[in-house]
Amino acid sequence: MRKSTFNYIKDILADYPRIEEYIRQREEELRYPYRENDLNAGIKGTKADYDTQANMMITIEQDQRLAALERNKRVISDILEDCCEDTQTIIRELYMRRMPKYTIQGLITNGLIFVGRTKAFELRDQFFEEVARDLNLNV
């Protein structure tokens with residue numbers, strides 16, 4: 001697997017525990033966009049009627065950043081559900097924690113996973129490859 005792909009997936013996993021918050025923030029940004037005060041508000045002219053509700057729904061449906069966040073969330077949660085307990089422990093402890101306590105060897109030594117070092121790296125790599133395949137990334 002390419003190092004850039006591996007690092008991209010690592011970043012997605014690091015953001016995964018807070019992804020709901022990011023989705024909610026993005027929806028808020030789209031629903032209530034920042035508008036500067038109009039310096040020419042006192043000038044007479046045609047009053048354009050803006051259908052903000054329809055524009056907002058179209059924007060939320062078409063927003064690429066929001067769609068990417070939701071896709072990442074769906075892919076990671078689906079793959080985590082399908083994998084074994086050891087893989088879930090490896091991914092959660094090493095990549096989803098804000099301040100990881102262990103390395104793969106530390107997980108094995110402390111009895112958090114019940115596989116050898118080589119098998120632990122294989123489980124991690126399989127997980128990353130599945131995520132890359134589901135996200136259509138170059139492996």
Set of side chain to side chain contact (heavy atoms under 4.5 Å, CB included) partners for E81, sequence neighbours left out: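 Per chain and number, E81 pairs via side chain to side chain contact (heavy atoms under 4.5 Å, CB included) with no residue.
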Counterpart residues, side chain to side chain contact (heavy atoms under 4.5 Å, CB included), relative to K10 (two or more places apart):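 K10 satisfies side chain to side chain contact (heavy atoms under 4.5 Å, CB included) with F6, N7, Y95, F128 once adjacent residues are dropped.
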All side chain to side chain donor-acceptor pair (under 3.5 Å) counterparts of E122, not counting sequence neighbours: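 E122: no side chain to side chain donor-acceptor pair (under 3.5 Å) contacts found.
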Derivation of the side-chain contact (heavy atoms from CB on, under 4.5 Å) call for M96 and I76: CA-CA 11 Å; M96 289 186 182; I76 298 295; 3.9 Å; yes
Nearest 0.5 angstrom please: [X] [atom1] to [Y] [atom2], how far?
| X | Y | atom1 | atom2 | answer |
| --- | --- | --- | --- | --- |
| E93 | R97 | CD | CZ | 5.0 Å |
| K3 | T5 | NZ | OG1 | 11.5 Å |
| L135 | Y8 | CG | OH | 6.5 Å |
| L137 | E129 | CG | CD | 12.0 Å |
| E70 | R26 | CD | CZ | 11.5 Å |
| T118 | L123 | OG1 | CG | 11.0 Å |

Sidechain-backbone polar pair: S77 side chain, K73 backbone, donor-acceptor under 3.5 Å: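 Yes, S77 side chain to K73 backbone: donor-acceptor pair under 3.5 Å.
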Charged N-O contact under 4.0 Å between E29 and R65: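 A salt bridge links E29 with R65.
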Test item: R124 and F127 side chains (from C-beta on) under 4.5 Å apart, heavy atoms: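 They are not in contact (no side-chain heavy atoms under 4.5 Å apart), so the answer is no.
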Side-chain heavy atoms of R98 within contact of R18, under 4.5 Å: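 A side-chain contact exists here, since the closest heavy-atom pair is under 4.5 Å.
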ring-ring contact (aromatic ring centres under 6.0 Å, His included) contacts touching residues 105-125 (sequence neighbours left out):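 Found none.
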Where C83 and L80 come nearest, the two heavy atoms and their spacing: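 That would be SG-O, 3.3 Å.
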Could you give the side-chain donor-acceptor pairs of residues 102-112 under 3.5 Å, partners two or more places apart or in another chain?
unit_1: T103; atom_1: OG1; unit_2: Q105; atom_2: N; d: 3.4
unit_1: T103; atom_1: OG1; unit_2: G106; atom_2: N; d: 3.2
unit_1: Q105; atom_1: NE2; unit_2: T109; atom_2: OG1; d: 3.3
unit_1: T109; atom_1: OG1; unit_2: Q105; atom_2: O; d: 2.8
unit_1: N110; atom_1: ND2; unit_2: G106; atom_2: O; d: 3.1

Under the salt bridge (charged side-chain N to carboxylate O under 4.0 Å, His left out) test, residues paired with R71 that sit two or more places apart: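 Applying salt bridge (charged side-chain N to carboxylate O under 4.0 Å, His left out) to R71 gives none.
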Q64, CD atom: more than 12 neighbouring heavy atoms under 6.0 Å: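 Counting other residues, nucleotides and ligands, CD of Q64 stays at 12 neighbours or fewer.
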